[in-house]
*Asks:* 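Supplied in C-alpha cells, the structure appears directly below.
No experiment lies behind these values; they were computed from the predicted model shown. Only this structure's heavy atoms are used, side chains among them; waters, hydrogens and symmetry mates stay out.
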Amino acid sequence: MAMGVSMRAASRKLFDVIGVRCYHVRNVTTSQPTLPTMRQVREKLKDLVGAQKNWSEQETAKSNLTDILIRDKSKLPIRCMNDSYQEAILPLGQDYRLREKYLTFMKGVRFGRILEDLDTFAVLTSYKHNNNPAYGPVSPMYIVTALVDRIDMHHQEIAPDCDIKFSGKTTWVGTTSLEVTMHVEQFRENNWKRLIDARFVMVAKDPLKLGKAVVNPLMPKGPEEEELFNKGTANQQLRKHQRNQSLLKTPPNEQERTIIHDTFLSTIDERSATFKLRVKPDNAVWMEDTLLKNIIICHPEERNLYGKIFGGFLMRKAFELAWANAWVYCKSKPVVTAVDDILFKEPVDIGSLLYLSSQVVYTEGPNLQVKVHAEVVDPTTGEHKTTNMFHFTLTTKKGDISRVIPKSYAESMLFIDGKRHYDEQKAVVTTK
C-alpha cells in the first residue's frame with residue numbers, strides 16, 4: 001500500500017479521522033459523553049481530504065488517488081444508517097470567544113453561522129458513510145453539497161450561552177448522491193430541546209473533479225430505517241417532479257393563471273379603460289422596489305476543503321442579505337421559519353466577484369418569501385454566470401405586512417414560484 005501504511009493501520013487511521021476519536025471536549029453543561037467540537041470536525045475533514053493547510057502552499061496532487069477509487073458499486077461495502085450516525089458539539093456555553101463569533105447584535109445566535117456548521121456536518125456524515133478500508137487515510141473522492149432540500153425551525157430563538165448539539169446520518173443513497181438528515185438541539189433547563197431539522201443532498205466526485213464517484217450502498221435495518229429510506233426515495237421523486245414542473249419548463253397551472261390575472265386587474269385604474277396605466281393598491285409594494293443587492297470579493301479565507309468558496313459561507317451571506325431585506329420590508333426584525341431548495345449550480349472560484357440579489361417575491365399575512373440569486377461576474381468581459389439560488393421563509397411579530405405586487409410577467413413568475421415555496425413550507429408545518 002502507498003506510503004508504507006498497512007491496510008489495518010490505514011483503516012484505523014481513517015476511522016479516527018472520520019469519527020474524530022482523538023479530539024474530544026468535555027460538555028460540562030450536560031451529563032452526556034464527550035463529543036468532538038465543530039472546530040475539530042473541520043480540522044479532521046482537512047486531513048481526510050488532504051486539504052491545503054495554507055493557501056500559499058502547493059495543492060497536493062490528487063491524480064494518484066484516481067487509481068484506488070472503486071467505480072463498481074457491487075464491490076463497495078454495504079452500510080446501514082447507524083454506520084454514519086454521529087454527533088458534534090458547539091460549546092457556546094463554555095467557550096466565550098466562540099460565543100462572540102455567533103452572537104447577533106440582538107443577543108441571539110447568528111443563523112447564518114448555523115448554516116455553515118450544518119454544511120460542514122453534512123460533509124462529515126457523508127464521508128463516514130463512505131468509509132472504506134481500501135481507501136487509506138485520505139479519501140479518493142470529493143463530497144460536496146448539491147442541494148439544501150429543507151431546513152425547518154422548531155424554535156425561532158436560539159440562546160447564545162447554551163451548548164448546541166448537531167447529530168445526523170445518511171438516510172438515502174443513489175448511485176453517486178446521498179441524502180443526509182440532521183438535527184440541531186440546544187441544552188436548556190437540563191434537557192436537549194430540538195431547534196432545527198435539516199435535509200441535505202450531497203454528491204460524490206472523483207479526485208480530479210472531472211466526474212462523479214459511486215457511493216457506498218445503504219441497506220436499511222428495521223422498520224424505522226426502512227421508513228426513513230422510503231421517505232428519502234419519495235423526496236428524490238418529489239424533487240424530480242418539481243424540476244419537471246418548474247416555471248422555466250412549464251406554464252403556470254389554471255389556478256396560478258387566475259391569481260396572476262386577478263393580481264393584474266387589481267392594479268388597473270378602471271376609470272382609464274386601458275391596461276397601460278397601473279396603480280399600486282393600498283397597503284402594497286411593487287416587487288421591483290424590494291430589490292436589495294450586495295457584492296462580495298471572494299478571498300482565500302473563505303475557501304472550502306477543495307479550494308473553492310465554502311458553500312456554508314455563501315448560505316450565510318445570502319441569508320443575512322435576505323434577512324436585512326425582510327427587515328427593511330417589514331419595518332420590524334423578522335425571524336426565519338424555513339429554508340428550502342438551495343441549489344448549488346456551479347462552484348465559486350477564489351478571486352471571483354460574487355453578486356447577491358435578494359427580492360421579496362411573495363407575502364401572506366405576517367409571512368414573506370425572499371429569494372436570493374447568486375452569480376459570478378467576469379469584470380473583463382461582463383459575463384454573468386448563475387451559481388446559486390436561495391429561498392427563505394420569514395415572519396414578523398408585527399402582524400400582517402404590506403402585500404408585494406408583481407408588475408411584469410417575469411415578476412409574476414417570481415411571485416408564483418415564491419407562493420409554491422411558501423405553500424410547501426406551510427404544508428410541512430400543518431403535518432407536524
Side-chain angles (χ1 to χ4, degrees), residues 2-3 5 7-27 32-55 57 59-60 62 65 68 77 79 82-92 94-95 97-98 101-102 113-145 163-170 178 180 182 184 198 200 202 204-205 207 213 215-216 300-308 310-313:
M3 298 179 289
V5 180
M7 183 73 74
R8 179 176 296 179
S11 177
R12 186 187 308 119
K13 184 172 182 180
L14 182 59
F15 177 83
D16 287 348
V17 169
I18 294 177
V20 204
R21 187 169 58 187
C22 298
Y23 292 82
H24 294 283
V25 62
R26 171 61 61 183
N27 183 6
Q32 297 289 319
T34 56
L35 296 173
T37 66
M38 289 304 301
R39 180 179 180 182
Q40 290 163 349
V41 164
R42 292 189 184 92
E43 292 303 316
K44 281 303 179 179
L45 274 173
K46 291 179 183 179
D47 294 334
L48 179 61
V49 303
Q52 296 168 281
K53 297 295 183 181
N54 300 295
W55 172 246
E57 293 178 353
E59 185 174 6
T60 306
K62 306 293 183 182
L65 297 176
I68 66 173
R79 312 281 279 168
N82 282 337
D83 288 335
S84 62
Y85 179 81
Q86 53 194 3
E87 300 176 342
I89 200 80
L90 187 65
L92 298 182
Q94 311 164 52
D95 191 331
R97 291 185 178 179
L98 181 66
K101 182 179 178 181
Y102 283 76
R113 294 290 188 192
I114 300 298
L115 291 176
E116 290 182 319
D117 291 334
L118 282 169
D119 196 33
T120 298
F121 196 75
V123 174
L124 171 70
T125 305
S126 302
Y127 272 114
K128 189 172 183 183
H129 171 80
N130 287 287
N131 185 19
N132 190 336
Y135 284 161
V138 177
S139 175
M141 64 173 61
Y142 284 170
I143 300 178
V144 297
T145 304
D163 289 356
I164 292 175
K165 181 173 69 175
F166 294 79
S167 62
K169 58 187 176 184
T170 300
L178 55 161
V180 175
M182 296 170 287
V184 181
F200 282 41
M202 319 299 290
K205 297 180 178 290
V215 299
N216 288 347
E301 179 185 6
E302 307 301 342
R303 70 187 184 277
N304 64 10
L305 300 167
Y306 320 115
K308 303 293 184 180
F310 176 40
F313 170 76

*Asks:* So do Val49 and Tyr127 actually touch side chain to side chain, heavy atoms under 4.5 Å?
*Replies:* yes
*Asks:* Do Leu90 and Tyr102 touch side chain to side chain, with heavy atoms closer than 4.5 Å?
*Replies:* yes
*Asks:* Under a 3.5 Å distance rule, please check whether Lys128 uses its side chain to pair with a backbone N or O of Tyr85 as donor and acceptor.
*Replies:* yes
*Asks:* Ignoring hydrogens, what is the shortest heavy-atom contact between Pro77 and Asn216? Give both atom names and the distance.
*Replies:* O-CB, 3.5 Å
*Asks:* If you look at every heavy atom in Ile68 and Pro140, which pair is closest and at what distance?
*Replies:* CG1-CB, 3.9 Å
*Asks:* How long is the straight-line distance from CD of Gln40 back to CG of Leu45, given to the nearest 0.5 Å?
*Replies:* 12.0 Å
*Asks:* With no hydrogens and no angle check, is any side-chain donor or acceptor of Ser84 less than 3.5 Å from a backbone partner on Thr170?
*Replies:* yes
*Asks:* Give the minimum heavy-atom separation between Phe121 and Ala88, together with the two atoms involved.
*Replies:* CE1-CB, 3.7 Å
*Asks:* Can you name the nearest heavy-atom pair linking Ile89 to Pro91, along with the distance?
*Replies:* O-CD, 3.6 Å
*Asks:* Could you pull out the closest heavy-atom pair between Ile143 and Val123, with the gap in Å?
*Replies:* O-CG1, 4.0 Å
*Asks:* Let me confirm one number: the CE-OG1 distance from Met182 to Thr125, rounded to the nearest 0.5 Å.
*Replies:* 6.5 Å
*Asks:* Measure the shortest side-chain to side-chain distance between Lys165 and Asp163 over non-hydrogen atoms and say whether it is less than 4.5 angstrom.
*Replies:* no
*Asks:* To the nearest 0.5 Å, what is the distance between CG (Asp83) and CG (Asn130)?
*Replies:* 11.5 Å
*Asks:* Check salt bridge (charged side-chain N to carboxylate O under 4.0 Å, His left out) between Glu116 and all other residues, then give those that pass, not counting sequence neighbours.
*Replies:* Arg113, Arg316
*Asks:* Can you name the nearest heavy-atom pair linking Asp95 to Leu98, along with the distance?
*Replies:* OD1-N, 3.0 Å
*Asks:* In the structure I gave you, are the side-chain heavy atoms of Val180 and His129 within less than 4.5 Å of one another anywhere?
*Replies:* no
*Asks:* Taking only residues two or more places apart in sequence, or in another chain, which ones meet Asp119 in a side chain to side chain contact (heavy atoms under 4.5 Å, CB included)?
*Replies:* Thr145, Phe200, Phe310, Met315
*Asks:* Only counting residues at least two apart or in another chain, list the ones meeting salt bridge (charged side-chain N to carboxylate O under 4.0 Å, His left out) with Asp117.
*Replies:* Arg42
*Asks:* How many angstroms lie between atom NZ of Lys44 and atom CG of Leu124, to the nearest 0.5 angstrom?
*Replies:* 12.0 Å
*Asks:* Does the side chain to side chain contact (heavy atoms under 4.5 Å, CB included) test come out yes or no for Asn131 and Arg79, once each step is laid out?
*Replies:* CA-CA 9 Å; Asn131 185 19; Arg79 312 281 279 168; 3.7 Å; yes
